Amino acid sequence: MPELPEVETVRKTLEHLIVSKTIQSVQLFYPKMIQGDCMDFQNHVTNQTIQSIKRVGKYLFFHFQEGIVVSHLRMEGKYYVQPASDPIQKHVHVLFSFQDGQSLRYHDVRKFGTMEWIPLHGMKDYVKKHRIGLEPFDSDFTMGYLQAKLSRTTKMIKPVLLDQTIVAGLGNIYVDEVLFICGLHPETRVHQLHHSDIEHIISASQAVLGKAIELGGTTIRSYVSSLGVSGRFQNELLVHMRKGEPCYSCGTFIEKIKVGGRGTYVCPTCQTKRG
DNA sequence: AAGGGTGTTGAAAG
DNA sequence: GCTTTCAACACCCT
C-alpha cells in the first residue's frame, strides 16, 4: 500500500483507533524485521502508552512517553486493529496487545517492512540519518530546492522523483501520474528540463498526492482490511495500470515500458522527451 | 510449470 | 563521491 497517501491514510486511521492505548505485551514472530536488539525493543515498548502518530514521507512514527517506534511498510506492510483474542493470521509478524483487550497487528507478506525503537527526540536524527528529503507539501519544497538537487545530475527524471532523498513520498504509482500530467517522458534527462517543467512537477506532485490523500490512497492489489485502508484513488489513475487502454487526452494506447528497472506506464504521444 | 513481475529501500558493485 | 543493479521475501500471473 505504501506511498505517501497510503501511509497518511494508515496514520489517520490508526490515530483514531489506538492513540491513548497502553501496550501490555509484544510478540515478535519475525524478529529479523526489528532493527536493533529484539529484547530491547520489547522491553522499551511494553507498558508504553501511544501519545500520537506522525509521518514523514513513507515512514510512520508512533510516539510513546519514553521513545518512538519507527515503522516502514515497504511493499506490502499493513496494520490491523482487532481483539487480542483473535487467532494469529498468517503473515502477522508483530502483535501488540493492549490493556483494553484490543491489539495492533503488523501484517506483511513479503517481510520487507521494518520497525525500530528510537529515543524520544530522535525523529530529526532519524530523518537525517536516512537522508529523507522534503515532501512536496513542505514549504521549503520550492523551485530553488528542486533545481539545486537536479542541477548536478544527468539521471532520468523518473528515478530522480523516486529518490526519497530528493522527494519524500512519491512512489511508482504517483511518479507515473505526475509525469503524465506534466507531459514528460520518464526517461527525460533532468538537465533537459525547462524551468517551467520543474514548476509543473512541483504543482503536479502536490495536486496528485493531495487528491490521493483525500480519496484514502490507491488500492491496486485487492485486500480486505479491518482498518478500511482500501482507497479510491485507483479510479482516478490517468496512466498507471492502464496498459493498452486509450490515453484520456489523445486516445493513443498507453504503453508499459521499463525505466530504471521499474515498470512504467506512459502515453507515447503526450509524454515526449526533450532534446 | 517455471520464470518474471510486484506499491521499497539500502547495500554492493561499477 | 556518483549511478546502476540486486537482494531481502512470498505470491500471482502468464
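What you see is a predicted model; the values in this text were computed from it and never measured. In what follows, chains are A, B, ... by sequence order, proteins preceding strands, each numbered from 1.
- Comparing the P positions of dA7(C) and dG3(B) gives a spacing of 15 Å, expressed to the nearest Å.
- Applying the Watson-Crick and G-U wobble criteria (two distances, each under 3.5 Å), dA10(C) pairs with dT6(B).
- Look at His72(A) and you won't find any side-chain N or O under 4.0 angstrom from OP1 or OP2 of dT8(B).
- Per the geometry, CD belonging to Glu8(A) stands 22 Å off P belonging to dG7(B), to the nearest Å.
- Look at Lys258(A) and you won't find any side-chain N or O under 4.0 angstrom from OP1 or OP2 of dG4(B).
- A side-chain donor-acceptor contact under 3.5 Å links Glu177(A) to the backbone of Leu238(A).
- For the OP1/OP2 pair of dT8(B) and a distance below 4.0 Å, the side-chain nitrogens and oxygens of Arg262(A) include at least one atom meeting the criterion.
- Among the heavy atoms of the strands lying under 4.0 Å from Tyr59(A) are primed sugar atoms or P, OP1, OP2 only; no base atom is included.
- Using a 4.5 Å heavy-atom threshold, the side chains of Arg55(A) and Leu4(A) count as touching.
- Between the C1' atom of dT8(B) and the CZ atom of Arg110(A) lies a distance of 9 Å, rounded to the nearest Å.
- You'll find the side chain of Gln102(A) stays beyond 4.5 Å of the side chain of Ile18(A), heavy atoms only.
- Following rounding to the nearest Å, Leu162(A) (CG) and dT5(C) (P) show an atom-to-atom distance of 14 Å.
- In a base pair of the Watson-Crick type (N1 to N3 plus N6-O4 or O6-N4) or a G-U wobble (N1-O2 and O6-N3), with each distance short of 3.5 Å, dA12(B) is matched with dT4(C).
- Heavy atoms of Gly260(A) sit nowhere under 4.0 angstrom from any nucleic acid atom.
- An OP1 or OP2 oxygen of dC11(C) is reached within less than 4.0 angstrom by a side-chain nitrogen or oxygen of Lys90(A).
- For Thr13(A) and Tyr79(A), the side-chain atoms include no donor-acceptor pair closer than 3.5 Å.
- No hydrogens or angles considered: nothing links the side chains of Tyr265(A) and Glu245(A) as a donor-acceptor pair under 3.5 Å.
- For Asp176(A) and dT8(B), the CG to P distance is 10 Å, given to the nearest whole Å.
- Residue Gln164(A) places at least one side-chain N or O under 4.0 Å from the OP1 or OP2 atom of dT9(B).
- Between Leu161(A) atom CG and dG7(B) atom C1' there is a gap of 16 Å when expressed in whole angstrom units.
- Within the 4.0 angstrom heavy-atom criterion, no nucleotide atom of any strand lies near Lys129(A).
- In the hydrophobic clustering of ILVMFWY residues, with side-chain heavy atoms under 4.5 Å counting as a link, Phe137(A) and Ile181(A) come out together.
- If you measure from atom CD1 of Ile257(A) to atom P of dG5(B), you get 14 Å, rounded to the nearest angstrom.
- Put simply, the side chain of Val92(A) does not reach to within 4.5 Å of the side chain of Tyr106(A), judged on heavy atoms.
- For the P atoms, the distance from dG4(B) to dC6(C) is 12 Å, rounded to whole Å.
- Among the protein residues, Thr114(A) comes within range of no part of the nucleic acid, since none of its heavy atoms lies under 4.0 Å from any strand.
- Note: CZ (Phe112(A)) to P (dC6(C)) measures 15 Å, nearest angstrom.
- With P as the reference atom, dA1(B) and dA10(C) are 22 Å apart, rounded to whole Å.
- When heavy atoms are screened at a 4.0 angstrom cut-off, Gly261(A) is found touching no nucleic acid atom at all.
- Whole-Å rounding puts the Lys111(A) NZ to dA7(C) P distance at 19 Å.
- Counting non-hydrogen atoms under 4.0 angstrom, Arg131(A) reaches nothing in the nucleic acid.
- Nearest-nucleotide positions on DNA chain C for Lys155(A) and Lys32(A) put Lys155(A) closer to the 5' end.
- Annotation: dT9(B) and dC12(C) have their C1' atoms spaced 23 Å apart (nearest Å).
- If you take atom C1' in dG10(B) and the same atom in dC11(C), they sit 23 Å apart, rounded to whole Å.
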